[in-house]
Amino acid sequence: MTTQSTLPRSSSQASNAPTGSLSSLPPRKLKPLSAVSDSQRSASPSPSKLRPPTRPSLGGNNLPNSSMRSVSGTTTPNGTDKSLRRSVSIAAFPQPPKSSGRLSMASISSSTSHAPSTARSTPDITKSGTIKPRKQTRLSSATIASNRSSKAVSLLDHGSDGKTVLNSAVSRDSEGQFSTSSPPHSRSSSAQGSYSTSATTFDDTEETEQDSKDALGAGKKGARPKEAKGNVIVSVRVRPDNGASENSRAEGEWMVDGRRSLISFRGKESYDYLYDNVFTAHDNNSKVYDSSAKRLVRRVMEGYHGTVFAYGMTGTGKTFSMQGTASSPGVIPLAITDIFSYIRETPHREFLLRVSYLEIYNEKIHDLLSASSAGATGPNAPPQEEIKLREDSKRGVYATPLKEEIVQSPTQLLRVIARGDHARRTGSTQFNARSSRSHAVVQIVVESRERVPNGNSTQDKRSAVGPGGVRVSTLSLIDLAGSERAAENKERRTEGAHINKSLLTLGTVIARLSESKEKSVNAADKEGKHLPYRDSKLTRLLQPALSGNSLVSILCTIQIGASGSAAPANTHTNETLNTLKFAARAKNNIVSHAKRAEEAYGGNGDGGSRVLLERYRMEIQTLRAQLETQSKTQAENDMKMEEERMEKEAEARHEEQMLEMQLARTALKERIEHLNRLILSSKSTGVNSHGGTAAFDRLSTMSGMNDTRTRSLYSSSSQSTLGANSLRRTVSQQSLHSTDPGSAYQFRRSSMVPDEDDDTVGEFGDGNASLQMQVTALQADLADKNRYISTLERRLLQARRSSHSRMSMGLSQLKNGDDGDMMALLREKDMEISELRIQLDDKDRMLTALRSAARQRDVAQMTIDIPGQDKRTIGHQTSGSNASSLASPLSATSPVNTLSLASISEREVNPHRRSVDEVSRMLDEMIQDRVEQGHLNKNSRRSLLFASNTGNQPDPISPKPPAISVPDLRTSIIEVPEDV
Ligand SMILES: Nc1ncnc2c1ncn2[C@@H]1O[C@H](COP(=O)(O)OP(=O)(O)OP(=O)(O)O)[C@@H](O)[C@H]1O
């Protein structure tokens with residue numbers, strides 16, 4: 001939207017310098033039209049730009065200056081204060097500064113030798129305000145006065161000065177034509193790079209709104225609304241006649257007075273035409289635009305519909321005026337520049353522009369922006385969908401389907417239009433080498449909406465819109481095909497026929513508009529039903545503009561000389577006069593009641609739905625909502641994924657913890673098993689294999705009663721625990737169960753001790769077996785412990801690895817509690833291991849000691865001379881079954897022990913008391929060490945039972961002390977679990 005226009009600047013200043021000397025211009029005032037009311041205008045005697053009624057008595061150069069507005073109320077020659085051309089007032093159009101000097105008809109007469117003697121006659125004025133030519137007197141002062149008065153300020157005060165024109169500007173060229181050079185209009189560049197002229201730089205938006213209100217008020221009184229007067233502007237442009245020669249000289253004499261917007265013809269009949277603007281051959285496109293269209297374009301940007309169209313004979317400069325050239329841009333590019341300048345200067349509104357471009361060729365509508373129009377005109381060109389005209393209460397008459405392009409910069413818009421121009425049909429005619437063979441219509445739709453002032457909204461700036469709706473207005477820029485005489489070429493003839501027919505219809509419609517005005521009371525007339533709009537596509541398309549819904553600017557182009565024209569001079573003159581008449585009729589008959597377009601709101605029926613700005617806003621809202629929903633969904637998905645990820649992590653962590661716990665549990669189980677085994681091993685030293693807890697308890701009780709008996713029991717049960725299922729043990733078990741527990745003596749006598757004689761032998765043999773069995777048990781314990789230690793070490797290793805891997809995975813989310821638990825577990829394990837190691841060491845030492853004792857015992861026994869078998873030996877042999885039964889399990893576990901036991905069992909043991917004592921002493925010392933170190937009573941769950949050394953105290957149960965005393969066995973440890 002802020003793209004700078006690349007349009008070239010006009011060089012009009014240099015080219016349009018007046019040739020004559022100029023009177024000093026008054027300082028220009030940019031004054032809104034509304035500043036001068038009608039009454040003021042009437043009362044104000046000066047300045048006036050209009051010459052007074054042309055009466056001889058009024059001739060002279062010293063006419064009081066009066067403005068156009070004051071003229072509108074001036075008294076006509078017949079004394080009536082009446083505006084004869086009500087429709088020519090264009091209050092809404094550019095109002096250049098007022099000038100003091102005014103041109104009188106008399107002054108023209110006096111200053112130009114060829115001036116018609118208009119002062120001598122008074123023309124007839126028709127009701128419509130057109131000039132009715134009359135012989136001898138073609139120019140009526142009253143007509144001129146009325147025309148000028150009705151034109152109001154805007155028509156004649158484009159910086160012109162009557163005196164100036166009078167004194168210097170009006171000249172007669174070599175061909176007898178009057179030409180009036182316009183003063184150099186000041187075309188300056190605004191800060192934004194837009195063009196502006198002194199005539200159009202003031203802003204009269206408020207004035208127009210006020211005018212609208214006034215118009216409503218006036219309408220109530222039956223008066224014509226003021227706005228209706230000023231919304232139509234008719235200009236005539238004279239094309240330079242470069243190749244003029246005597247042959248091509250037009251019939252009659254012409255006078256073109258640009259300052260007074262006057263064109264006079266003096267031929268067989270005389271005519272004087274006054275328009276809103278008359279542009280001489282010296283006026284360039286820039287001036288034409290500034291005076292005839294600039295204001296209208298601004299109004300369109302403010303919300304009014306506007307139509308500019310060029311009408312004229314072929315080759316007279318319609319296309320030149322509308323499109324212009326690279327060095328002299330025409331109305332269309334200059335309008336585009338102004339559109340974007342306006343947008344830039346109006347930050348409180350936002351705009352959307354869309355453009356369409358169509359042509360009416362041979363009464364068919366073609367879309368000049370469609371793909372088929374763009375490139376292809378050959379036989380392979382895609383057939384274009386027929387475009388029809390439709391009517392809508394809100395949109396008026398419109399073509400459909402028609403491509404509309406949204407444009408965002410002047411360059412883009414110019415490119416689109418250039419594309420359409422390229423697709424437009426042109427052809428060579430006898431009047432124009434590149435004649436437009438169609439009517440071309442550029443439509444620029446302007447949508448605008450109020451923005452919320454900065455800071456009043458927390459919303460995004462772009463989405464912040466004001467409370468109002470969208471205002472939609474249309475600028476139609478139309479380059480009509482030129483009317484022409486019948487051509488020789490058939491194609492041209494056909495085209496010409498269509499062109500002429502449509503132009504004729506246009507003329508007819510405009511001519512009948514005056515009738516329509518008079519019959520406006522009729523509803524049907526109001527709608528223009530009696531007008532032949534439908535007779536041609538052109539009039540149908542122009543219907544909204546012609547029927548008053550739009551501001552209208554008509555640019556009629558003429559060529560006074562007939563140079564370059566194949567037509568005879570008189571024919572050419574007639575065509576020119578026809579154009580001038582058309583312009584005069586348009587000026588008089590078209591009445592515009594253009595009002596600012598209503599604001600449309602989203603979803604407000606068809607009108608609302610067509611408003612792209614609103615549709616886009618709604619679409620943006622919808623998309624924003626979708627985006628928000630998607631963002632929410634995305635966020636939810638992200639959250640879900642994050643939750644899932646965390647769940648997975650937690651699961652993995654949980655699994656890991658479970659594994660660790662399982663490992664720990666397994667380790668603990670193994671330990672428990674091991675401890676159980678240990679307990680069983682311990683029990684095995686005091687309890688028989690059949691779970692003789694009761695017996696053990698009983699024996700414990702007995703031990704309290706008699707140490708000797710306890711010792712004997714211990715030896716016996718120890719054997720059985722170690723797996724020596726001796727017959728004797730079985731028997732003793734049976735005895736234990738069968739015998740009255742109270743009868744301890746009986747028990748002892750019958751079951752534990754076979755007979756007195758065997759006691760010693762049995763005790764001795766039992767003691768040997770116990771040693772071996774303890775060795776075996778300790779070896780088993782050792783193996784168990786080793787296994788357990790290795791298991792624990794393995795678990796520990798695994799746990800550490802797991803911990804390391806978790807740390808390396810960056811799972812720092814473990815709570816301190818977890819780490820703490822794990823560390824505590826590890827510490828516990830370490831402690832267990834170290835404890836077990838200590839126990840293992842103890843066992844090792846104990847084992848070593850036992851082995852050493854066993855070895856010494858064996859050596860001692862080997863050295864004993866066995867003279868014969870004593871009772872003990874016999875007793876022992878008697879209990880050979882017991883010994884052999886002992887050997888059997890031991891051999892399976894320890895070959896060394898088996899050997900030792902075998903050697904013991906095989907030999908007749910003749911105890912050598914000294915050797916035994918030594919062994920016993922060693923064991924005593926070792927166990928004493930254990931006791932002192934406190935390792936043995938460490939576990940609170942266990943009770944330590946020490947078989948006290950009873951010495952030689954008599955055993956009530958076993959009155960005979962064993963022949964072989966084994967003191968070390970008395971101090972053997974029995975670990976009894978509390979829960980057993
Ligand atoms: N005011 C002007 N100044 C200089 N050259 C002009 C002017 N008006 C017209 N011409 C030239 O006259 C020729 C015909 O003009 P143009 O094509 O605009 O006429 P037209 O009215 O559009 O004709 P048609 O109706 O056949 O299309 C062009 O070469 C153009 O440059």
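On a predicted model such as this, the values are computed, not experimentally measured, just so you know. Below, each value reflects all heavy atoms present in this structure, side chains not excepted, and no hydrogens, waters or symmetry copies. Counting starts at 1 for both ligands and their atoms, in listed order.
Annotation: Asp479 places no N or O atom under 3.5 Å from an N or O atom of ligand 1; distance criterion only. In terms of polar-atom proximity, Phe320 is counted as a contact of ligand 1, with an N or O under 3.5 Å from an N or O of the ligand.
Asn231 and Tyr304 share no side-chain donor-acceptor pair at under 3.5 Å. Between the side chains of Thr557 and Thr316, at least one donor N or O sits under 3.5 Å from an acceptor N or O.
Residue contact annotation: Gly312 has no non-hydrogen atom under 4.0 Å from ligand 1. Contact analysis puts Thr316 in contact with ligand 1, with a non-hydrogen atom separation below 4.0 angstrom.
Of the candidates Met322, Lys318, Arg437, His439, Lys318 brings a heavy atom nearest to atom 21 (O) of ligand 1. Scanning Gly482, Gly315, Ala281 for the heavy atom closest to atom 23 (O) of ligand 1 points to Gly315.
Rounded to the nearest 0.5 angstrom, His422 NE2 and Arg415 CZ are separated by 15.5 Å. In this structure, CG on Leu555 lies 10.5 Å from OG on Ser291, to the nearest 0.5 angstrom.
Gln412 is linked by a side chain to side chain contact (heavy atoms under 4.5 Å, CB included) to Val407, Gln408, Ser409, counting only residues two or more places apart in sequence or in another chain. Taking Phe582 as the reference, Tyr311 meet the ring-ring contact (aromatic ring centres under 6.0 Å, His included) condition, with sequence neighbours excluded.
Interface of Arg239 with ligand 1, defined as ligand atoms under 4.0 Å from a residue heavy atom, comprises 7 (C), 8 (N), 9 (C), 12 (O). Distances below 4.0 Å separate heavy atoms of Arg237 from the following atoms of ligand 1: 1 (N). Close contacts of ligand 1 with Gly317, meaning ligand atoms under 4.0 Å from a residue heavy atom, involve 8 (N), 9 (C), 15 (O), 16 (P), 18 (O), 19 (O), 20 (P), 21 (O).
A salt bridge does not link Arg237 to Asp283: none of the charged side-chain nitrogens sits closer than 4.0 Å to a carboxylate oxygen.
Contacts between Met313 and ligand 1 below 4.0 angstrom, taking non-hydrogen atoms only, involve the backbone exclusively.
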